[in-house]
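When a ligand or atom number is given, it counts from 1 through the structure's own listing order. Remember, it's a predicted structure, so these values are computed and weren't measured experimentally.
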Amino acid sequence: MQAKTNQLLYLSQADVANVGVTMAEIIASMQVMFQAKGDGRTEMPPKPGIHPGGGDSFLHAMPACITDLKSAGIKWVGAFPANPAKGLPYISGLVIYNDFETGLPLAVMDCVWITAKRTGAASAISARHLARAESSVLGVLGCGVQGRSHAEAMKELFPLQKMMAYDLNEDAKIKFAAEISRKFDLEVVPVKSPREAVSGCDIVVTAGPMSKTPHATIQAGWLEAGAFASLVDYDAYWQPAAMHEADKFCTDDRAQFQATRQGGYFPDIPDIHADLGELATGKKPGRETPAERTMTANLGLALNDMAVAPLIYRKAKEKGIGTWLEL
Ligand SMILES: NC(=O)c1ccc[n+]([C@@H]2O[C@H](COP(=O)([O-])OP(=O)(O)OC[C@H]3O[C@@H](n4cnc5c(N)ncnc54)[C@H](O)[C@@H]3O)[C@@H](O)[C@H]2O)c1
């Protein structure tokens, strides 16, 4: 199927998932993007947001362009924490993918699958720089969409043998453990307390709900020497003293991190050691000793989405997936 003048390709949630882009392809494309970002060949203004619905809900506009991938576009994404109780998805939204040379819209695609996969991939790329290469035990707190995507992405880059899974919801935890052990041939242990998914683990992922008033369950002394943690739900899970134990505290983008702090998150954290562009280009060192505790708080970049959108667009055209719409 060829792109047609004055038409764009619409890809539904099912279309995007059915295109068959792999986690390995996503990680590879995002690694190229983070190197380009570190060398200044990307553009991404900090994301503006609006806050209908109250509480911790938001809609963010996330534009970005990546010269090396000839990718340009925007994600318009909502996160409404009260939705699951209404039987509605927590995260929803659309990506518009534009032609790099002409700016014309090439595609509109659902963003849920992309958001899930690219967030796990970003943590895995952080881990490639910050975790011990032989990391084999993964702890996941929050057995939802991100828990799943992080298990898949970490399995792609590390010789994982065992996973400790914790969730407040007992059913979610049991279902997750059965699904992940079957899918990735891993021993998955559903654990009773959050501490069991932190202490003893080489890599820890916290992926519960984020909130401006953190529950801050994880205490200093829980994260092992030599471990790496990815704070997918911002600082919701971590006491300030536990974050201050990090020898290297990183993020995905310094400017966005600053903007997020001004919005009230991360009031008490260590200095930022590096962002992912600096790590990917080697401008800042990643892990230097086996005993360091390392952490990243990746906020989720428009660049991530724009590193994945061209993969989906190209494969969808090759496979004849999607619906052409008149501009
Ligand atoms: N940083 C990023 O780039 C990025 C991108 C997408 C999502 N997120 C964040 O990741 C988090 C998870 O998102 P998701 O889409 O997987 O949500 P989800 O609703 O699919 O899963 C969340 C899970 O956490 C569980 N949970 C609730 N409170 C908990 C607690 N205190 N301890 C352990 N588990 C708990 C829920 O039962 C649920 O199973 C959210 O905070 C979301 O905002 C971050």
For [atom], grab the closest protein heavy atom and report residue, atom and distance to one decimal in Å.
atom: atom 21 (O) of ligand 1; value: Gly144 CA, 3.3 Å
atom: atom 35 (C) of ligand 1; value: Leu168 N, 3.9 Å
atom: atom 3 (O) of ligand 1; value: Gly300 CA, 3.1 Å
atom: atom 39 (O) of ligand 1; value: Asp167 OD2, 2.6 Å

(message) Distance alone, cut at 3.5 Å: any donor-acceptor contact between the side chains of Asp268 and His244?
(response) yes

Side-chain donor/acceptor of [X] to backbone N/O of [Y], under 3.5 Å:
X: Glu224; Y: Gly200; value: yes
X: Glu245; Y: Gly221; value: yes
X: Asp235; Y: Trp238; value: no
X: Lys75; Y: Asp305; value: no

Only heavy atoms count here, so choose which of [options] is nearest to [atom].
atom: atom 6 (C) of ligand 1; options: Arg148, Gln146, Met210, Lys175; answer: Gln146
atom: atom 12 (C) of ligand 1; options: Gly142, Ala207, Pro209; answer: Ala207
atom: atom 18 (P) of ligand 1; options: Asp171, Val145, Leu299; answer: Val145
atom: atom 10 (O) of ligand 1; options: Val232, Leu301, Thr296; answer: Val232

Before accepting this row, confirm whether a basic side-chain N of the pair [X]/[Y] lies closer than 4.0 Å to the acidic partner's carboxylate O.
X: Glu170; Y: Lys173; result: yes
X: Glu152; Y: Lys183; result: no
X: Asp247; Y: Arg287; result: no

May I ask you to list the atoms of ligand 1 that are less than 4.0 angstrom from any heavy atom of [X]?
X: Asn169; result: 37 (O)
X: His215; result: 31 (N)
X: Arg118; result: 3 (O), 5 (C)
X: Asp233; result: 41 (O)
X: Gly208; result: 11 (C), 12 (C), 24 (O), 40 (C), 41 (O)
X: Tyr166; result: 32 (N), 33 (C)

(request) Look at the aromatic rings of Phe257 and Phe266 and report parallel, tilted or perpendicular, splitting at 30° and 60°. (result) tilted

(request) Using a 4.0 Å heavy-atom cut-off, say whether Thr119 meets ligand 1 through its side chain, its backbone, both or neither. (result) side chain

(request) Between Asn298 and ligand 1, find which residue part has any heavy-atom pair under 4.0 Å and reply side chain, backbone, both or neither. (result) backbone

(request) Take atom CD1 of Ile96 as the centre, draw a 6.0 Å sphere, and report whether it contains more than 12 heavy atoms from other residues, nucleotides or ligands. (result) no

(message) Under 3.5 Å between any N/O of Ile91 and any N/O of ligand 1: does that happen in this structure?
(response) no

(message) With nothing but distance in play, are any N or O atoms of Tyr90 less than 3.5 Å from an N or O of ligand 1?
(response) yes

(message) On a heavy-atom basis, which atom in Gly147 and which in Val140 lie closest, and how many Å separate them?
(response) CA-CG1, 3.9 Å

(request) Using the side chain to side chain contact (heavy atoms under 4.5 Å, CB included) rule, pick out the option among Asp202, Leu160, Val189, Val204 that qualifies with Val137. (result) Asp202

(message) Any heavy atom of Tyr237 closer to ligand 1 than 4.0 angstrom?
(response) yes

